[in-house]
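Chain naming here is simple, since letters A, B, ... match the order of the sequence lines and numbering starts at 1 in each.
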Amino acid sequence: MSLSRYILRRLALTAITLLGVIIAVFLMARVLPGDPVTVKAGQYATPEIKEQLRIQMGLDKPLPQQLATYIGNVLQGDLGQSTRSGHTVREDIGQRLPVTLELALASLIVAGGIGIPLGIYAALHHGSKRDAGIQQLAIFSAATPVFWLGLVLIYLFYARWNIAPAPVGQLSTNVEPPRTITHLLLVDSLLTLNWTTFKDAAGHLILPVITLSVVVMSPFIKMARTSMLNVLGSDYITAARSLGLSDREIIRQDALKNVMVQLLTVSGIVLGYLLAGNVLVETIFAWPGLGFYAWNALTGSDYDAIQGFVLVVAVIYVFLNFFVDLAYTLIDPRIRLA
Amino acid sequence: MTEMHRPLLAIEHLSIGFPNERDGTMHPVVRDSSFVVNRNEVVGLVGESGSGKTQTAMSVLRLTKPPGQVLHGRILLDGDDILQMNDIQLRQVRGNRAAMIFQSPRTSLNPLMTIGNQVGRIYTRQRGMKKKDAGDATLEMLRRVGIAGPARVAASYPHQLSGGMAQRVMIAMMLACDPELLIADEPTTGLDVTIQAQIFELIQEIQQETHMALLLITHDLGVIAEVCQRVVVMQLGRIVEIAPVDTLFADPVHPYTRRLVGSILRPDLEVLPAAARGNDFPPVVLEVGGDRYQAVSVDSWRSVNVGRPEMVEVAPGHQVLAHAVDAPSEAVA
Amino acid sequence: MEQERNNRSAELTQALNSRGLTRRNLLAAFAASTAMIALKEGASAAPYSAQQVRALAQETGAAAKLVIANGQDLDEADPHYFKSIPSYYLMANAYDNLFGHPYVEQEDGGLTPEVDENDDWVLEPWLVESWETSEDEKVLTFHLREGLTFQDGSPLTAQDVKATFDRGVSPTSVYSNLVFNLMTITSPDQIAAPDDLTVVLTLEQPTAFAYKILATNVFNIMSAAALEEHATEDDPTAHQWFSKNTFGSAAYTLTKWTPGVEWELSLNENFWNKDAVLNGGVLNRTIPSPQERLSLLVNGDVDIAFDLLPKDLSELASNPDIAVLDFEIPWPQYLGMNNRIPPFDNVDVRRAVSHAIPYQTIIDQVMYGYAKPLKSPCAEGMPTSDPSFWAYDGGPERAREILEGLGLSDFSFDIAVRNGFPTHEQIAVWIQSSMMEAGANVNILKMTDAEYLEKFNSGALQSWVGEWYSWINDPIYHLNFNFHSAATATNGAGYSNPQVDELIDAAMYEPDKETRDQMSRDIQQIIVDEAPWGLLYQINYVVATRANVSGFQYNPDTTSKYWLVSKS
Amino acid sequence: MSAEPILAVDNLEQRFKTPGGLVYAVNGVTFQVAAGESVGLVGESGSGKSTIAKSIVRLGEPTGGSIVYRGQDITHLGDNQMRSLRSKLQMVFQDPTLSLNPRLSVRQTLSEPLRLHKIANGKADLDAHLNRLMDLVNLERNLLDRRPGQLSGGQRQRVGIARAIATEPDFIVLDEPTSSLDMSIRISIIELLRNLQQEMGLAYLFISHDLSTVRYLCSRVIVLYLGTIVEEGTVEEIFSAPKHPYTQALLSAVPIPDPALRSSRNRIVLPGETPHLTHPIVGCPLADRCPYVEPSHREGRIPMVSVGPGDHRVACLLYQDGSGAGATAPDASEAA
Amino acid sequence: MAASIPTTPHANAGGESWSNDWVQLELVDPDAAETGYGRKRNALAILGFIALGLVLLMAILGPELAPYNPNKPDPAVTLQGPSREHLMGTDQYGRDVFSRVLHAARLDLRVAISITAVALIVGTLVGGLIGFYGGVLEHVVMRIIDVILAFPGFVLALGIAAMLGNSTRNVIIAVAIAYIPYYVRLVRSEMLALREQEYAAAAKVVGVRKIRILLYHLLPNALPIALAQATLTLGWGILDAAGLSFLGVGIRPPTPEWGVLVGEGAQYINSGQWWISVFPGLAILIAVLGFNLVGDWARDRFGPR
């Protein structure tokens, strides 16, 4: 199969999945306990007011028609309106996505930056004490409840030693946010040479990034170690050894690229998790990102916001998968031409 | 020329162990094995699956995969003990003085690297060539191993090659190393009969051309008979018999060897070999008492506690593994 | 105290559902309140009662920006539609009303509304200079101040008032139109602006609450020109624009609003009373976690923090950098028991639970003293509040006796609490513990807003931790909403007693204060006896500020005019 | 060959759809097997021999042609109709490690066909049958309760054979039954198969890439290349006087272990590789590798011609004149 | 496969069982040496068994060992740090944290096992069916699985838990649904391989019906891989269930459950009352650690090679 046909096929599958996702999200909101009208109308609303709202929100129409309207709206980028913020969900999510992205990328870089070398190191010293130690680290990191770790870090570094800034958001109140360029505070403050802001933003990032990266480090360590071991145990490494290539050359020329192919998948999964799944950490650190938004929407029964969040997260996830697959295909010639 | 008397490769009392997964005890897969390969000699190492022949071959280039390890013994390449070498010395042996062809050529090539790069890097590394020269040399070498479109093959990835083609590439890589000793580990397993013939023809041709020593590992006695001068037979980690090829086929001593030779199916003969009739063979050991040899089934032998088996020379250049006993017990096979 | 905020938002909607109010009721209530209005009539000299505060601040030349930590975000900025508590604050600071309140300073430095001898909060004229009430009390005439301006400098005239009220009364403005109906204004015809400075409201019935209601935020004055300018074909009332922007006449304008993060009030350069402003603007941060609001306050990152947890407040009291302002207000918190469904359809079960509630433990362990015992549905501070009918000191032992007497020695019920209301949850746990001693099993059901609201509305909650705060400090108004059987939307307990209904209806029209007060006490007696609510406590409105902050006032509709707040 | 054929394969065709396009695996194969006869089907990987085997036992469905078993066309028979025939039409698979369910004991594996086809009734009867089967394949009865993992390769294949003969079939497809076994075990399995054939009057279709084993077991040989039959004849004819250049190359490629005979062999090494069957075969399938190829060999369909007194036939244009040995035809008989 | 015979990887590579005899014979050989390899794996497994044993002990004996009633508030001792009377301190209601942690073990274990069982059974059956029969059903199910997998697991569980309302049963369902797709995929692809296995073909040739081939021959062989996955789900299940409870959409407070306990203590962390959250969190850590390590060990020992 040619590459372009492969991509087209994958895209078609992705489109089907996305349609399914939209329908699932639509149905989810119908099943959530409580009634969106009640939430909008408030505790003491009369039936008349609610009926009026119901018509206004189009909820009196038959379900398939509502679904059609919903799909139409979603395709036009209209995700509805948040009852809590009063803004369109699109605006809200647009604002929070970069916030989450900053935390996610930072954690990914830290976790990958530490986890991958550790995993590779462990594989290279397979069976040694150091290998065992690194494996233990990975096992502990995978077993740590992320919400608990966040709390412990806050207790130690903020409440007890007062080293870290208050675990509230991205910046201290008295610090001006930088001019928006990339929407990433750290990058923007660096680009605008705003050191105070940079330091403050970095300070706020430290604890949540540690929390997240400890937890997502495990897959990096494990995957790097396993795939490195697999590669090292593979016939072509033995063959390369038999040719007199040094370990360094072999690792650089033969092993790393093969390991990276595996790690790409892990990175995709981890990034997806970080972008979408860190509801817990964002809640604990009041990090004004997607997860925190979703959490507030969920407890506040902000239906459009929940729908919007779930949808956006699923779309990100699906596309991340798609791009990981694509990158995989581009790197590994076996898949490309299989 | 005293050097001529020294064998190119001498394996002395080699034992290789793999740990038991449960308790970590080392389990020998090769034990107390000794044999030599002389210059310009083709030696066959034969045995059925699990006999330890591949592990023996791997250990020669110190390629035993951890957690397996050489427990004991020496591997002398032209007098230098490979097991005692440091990394730098070792790298000068590998791909230079000795090289190896592996069982599955397609998995022995890096799937993410083009053939041209994989062959070319031998030239840049071992011969210190410039990249461009290495490229030219690569094409030349591919042509030499009988690859029709060397440029196209050089640009392809391993998965795009057939098994036979991949094995030709492996051979090209070995040739690029220009070794004194070539170890070929089942180089035609998994290939079609007609392709096998091609590959053997190529290997033989190259051996005759370069006069390198060849250690050929195979389970196929037919191949041994066609290619080798001397044969080493392994069974369950032990070398049980070493003999010149003609002697081995004409006059095998060890019961295992006899059974192997006896079970050869020949397309030119209609009758089944008599030695092989009946049921599956029970494991058998050889007892030697005085000058009498006796095959004994393991079951009956086990009850008699005997010392370790040793290689006994039954004729010049013909050795066999036997357990020394006072007097051979009753025959079984 | 996080929970307060949400429930206060309910206060607005509660007013809208005045199905229990009849015209006759309103007439009676109006009669009762005229005396209070009369007190301040014609007095229009200074808009501020807290002159000394202003003087102090002006001396120090403080014009610093205030930073405030809120638990919730704004929902919207349109006075006729908003629901959330932060939006109350926004309205109070971006828009003006015809009337306001004077304040007195309390010991801890907070300014509290002045009350009269009847515990009624005193009104003072704000945008109006003077007003008249017609003989039949149906025609209210207001004379506006001269020189009032909107934020763009354009004059604020009677036409703006009419345009605003016309909009508010129109049926599209769902909430405000109901409030107008409360004061028997149902059509724009009843609102007139004969000249630039005169507004005439013609009521269908003399209405007791008319003036009081005019001081609440739904009656903010908007600009006729702005309403016209931002109207579109789809949106003739310009709701779209006003839901995100303010255009008022008060000290601030909303200049920035990042949902979920912060919103900022910047000084209105054209404020008609600019000299009175004591700070340089207000940045409101939205910080949902009470712990984090606390941290920010303690570290000096914010000047004022709302809705801190009682435990944290109690610890702050000893912090010299922090001032804890404690306003005692008539705000009852209760355990609602659904009188319509078992086991609470049995009055004795309700009494038993009332005995079992560990009142003091809750006040100590949950509220850390920022509350006091509640012995009547009309809390202390509400006119005619009478604690003498209270009879539930029996504790779990008495409860067990009653339950065993009923043959109900082993039964269970659910208490619903809403997500994000930690104190409610704690209260439920203490009640659970006490009920265990009384031999009953309690399940605590934590619910999302939607589930909770839907079940509340459909009368499906068995019991719940609730609270009710009446904007208008009048016992009949208060009792009507909560205990009149016709007030179905607000009487969540589904309490129904014909005698109480009759008394409430009668009290609404009763012109004689003595008689009316007695009726209020009679109702209280019946309700305490029949125990539709477990009277948990009355909560204090507590705000923590940095010690250098002064001038924070408590307004009866639970807002504060920030321009009176300064920081040294 | 005079006997009524137990199996007749006529013009069998099999095409597969793959991501890389159509694969022409079997292209018009016709042969017959008589009752009690043992026919060898020889070819390298990709010659279509396994595909043919699968079609015969209805593990695959051919895209063309027919398979007739005892006069009944079974080419497109449904699962249920086929089930009753299965007791007579059996198969032994290549690798017993794969073809025996690792979770089932020998007893369970062997009981299944006995129960299914109601051959054994009751426990005692079943045990008797099982014991007899074990005896037939020379396995100790105490192995009945072992699982495949606890058996040696030879023992496993014996179990595979026992399963195939459990229902007393009259036709068995043997799909390379010895190729996964160590050399020392192969012979005993072949011996067993031969004995069983004699005892039970079985007909075999023996599929193999290994000419040596074919010789011991079969009376007739069919040589396949790229899904077409290139030569067929008796064992004697094929081994002593192979006609088709491919057959000759195949035979000569087998290593001869006897050093004495090695020198006498005329080794033929075919150049190039087995091509992929992505196009319909036109002309001689061996054209690209054949040393005797002529342009005319690349056209049309090559017919089978008789080259001997019996049924020795070959699909090669070199023997087109019918004489049995064309002028240019190689004679490799000295290889034997 | 063949987990039943003790083999070394090499001695049995040819599958000849008698080769074992030979090796046993030769084991008297002094060459056979002891090394440390395998010890470390065992050390980790022992750590895992200790951790799991601890949790099991808590689950079985917890209620007996607990010194106090876990749900009985005591206004006299609220928010007290760890002491001799209260090993892990008390919470805001004066309940004994130690007793609550002990009582929670049984519930958490039950939740983890239930989640795993539901996901395992449903996922294996569905995956087995669609993998074996293929066709339209397979396409439809796989598209549904794609849709489910489009949502990050925890978000999905969060959504479902919110939809169903918080009860123990619903938490189990929510988390299990998030894990089912992994089993479906795993067992399906295993089944795709298994149905091509020669022993499936052999069974067909013998005349076995399709459904019996699936249930009797193939599914049992797909189980080891599913069970290997299950050992992971046990640990993740606890983490997810606790995470949901921490957020308040899981098990209802004040039911003692570790996630609930951490959540209850969260609001006291900043003011220094760390013990309410820290100890239950440690319990989660130990339990998950135990499951993961023992799972690793079991996969090594019994899992598919």
Side-chain angles (χ1 to χ4, degrees), chain A residues 13-14 16-21 23-25 28-29 31-33 127-129 131-132 135-136 139-140 142-152 154-156 158-160 166-167 272-273 275-280 283-284 291 294-295 298-299 301 306 309-310 313-318 321, chain E residues 36-41 43-44 47-48 51 143-144 146-156 158-160 162-165 232 235-236 238-239 242-243 246-249 258-259 262-263 265-266 269-274 277-278 280-282 284-293 296:
Chain A
L13 274 182
T14 306
I16 293 172
T17 306
L18 285 179
L19 189 68
V21 163
I23 294 171
V25 167
M28 185 195 85
V31 189
L32 276 172
S128 70
K129 275 218 175 76
D131 178 23
Q135 272 184 279
Q136 278 164 23
I139 288 165
F140 268 93
T144 308
V146 65
F147 48 97
W148 176 75
L149 181 64
L151 289 174
V152 170
I154 291 174
Y155 170 68
L156 291 177
Y158 172 68
R160 188 169 186 131
Y273 167 85
L275 281 177
N278 58 11
V279 178
L280 289 162
T283 306
I284 290 165
W295 169 238
L298 201 62
T299 49
S301 298
I306 298 170
F309 162 77
V310 173
V313 155
V315 169
I316 292 175
Y317 221 56
V318 167
N321 273 334
Chain E
Y37 180 81
R39 283 276 166 77
K40 283 149 215 148
R41 286 221 71 81
L44 277 179
L47 185 69
R143 291 292 79 75
I144 293 172
D146 276 353
V147 171
I148 299 178
L149 284 176
F151 304 100
F154 189 73
V155 171
L156 182 70
L158 193 66
I160 298 171
M163 273 194 280
L164 298 176
L232 287 175
W236 292 342
I238 284 199
L239 278 180
F246 173 83
L247 285 176
V249 291
W258 291 330
V262 177
I269 275 277
N270 277 4
S271 45
Q273 284 93 1
W274 53 271
S277 281
V278 166
L282 270 178
I284 300 177
L285 180 71
I286 291 170
V288 179
L289 204 62
F291 278 129
N292 286 358
L293 287 173
D296 278 351

- Query: Non-hydrogen atoms of chain E under 4.5 Å away: do they reach the side chain of Thr17(A), the backbone, both or neither?
  - Reply: both
- Item | Step-by-step side-chain contact (heavy atoms from CB on, under 4.5 Å) determination, Ile269(E) to Tyr158(A) | CA-CA 10 Å; Ile269(E) 275 277; Tyr158(A) 172 68; over 6 Å; no
- Query: Relative to chain A, which of Asn292(E), Leu47(E), Val288(E), Leu149(E) shows the most heavy atom pairs under 4.5 Å?
  - Reply: Val288(E)
- Query: Under 4.5 Å between any side-chain heavy atoms of Leu282(E) and Trp148(A), yes or no?
  - Reply: yes
- Message: With a 4.5 angstrom heavy-atom cut-off, is it the side chain or the backbone of Leu13(A) that approaches chain E, or both, or neither?
- Response: side chain
- Task: Taking all non-hydrogen atoms of both residues into account, name the closest pair between Pro145(A) and Leu239(E) and its distance.
- Result: CA-CD2, 3.6 Å
- Note on the structure: Checked Leu247(E), Leu293(E), Leu158(E), Val262(E) vs chain A; the most non-hydrogen pairs under 4.5 Å come from Leu247(E)
- Message: Holding to salt bridge (Lys or Arg N to Asp or Glu O under 4.0 Å), I want the full list of residues that pass it with Arg143(E), two or more places apart in sequence or in another chain.
- Response: Asp146(E)
- Contact origin within Leu298(A) toward chain E - heavy atom pairs under 4.5 Å: side chain
- Query: Does a side-chain heavy-atom distance below 4.5 Å link Trp274(E) with Ile154(A)?
  - Reply: no
- Message: Quick check for you: among Leu151(A), Val318(A), Leu18(A), Leu19(A), which has the greatest number of heavy-atom pairs under 4.5 Å with chain E?
- Response: Leu151(A)
- Message: Can you tell me which of Gly272(E), Pro280(E), Gly48(E) forms the most heavy-atom pairs within a distance under 4.5 Å of chain A?
- Response: Gly272(E)
- Item | Contacting region of Ala294(A) [heavy-atom separation from chain E under 4.5 Å] | neither
- Query: Can you say whether Tyr155(A) sits under 4.5 Å from chain E via the side chain, the backbone, both, or neither, judging by heavy atoms?
  - Reply: both
- Item | chain E contact via Ile284(A) - side chain, backbone, both or neither, heavy atoms under 4.5 Å | side chain
- Item | Side chains of Phe246(E) and Leu280(A) in contact at under 4.5 Å (non-hydrogen atoms) | yes
- Are any of the side-chain heavy atoms of Ile284(E) and Phe147(A) separated by less than 4.5 Å? yes
- Query: With sequence neighbours left out, what residues match Phe151(E) under ring-ring contact (aromatic ring centres under 6.0 Å, His included)?
  - Reply: none
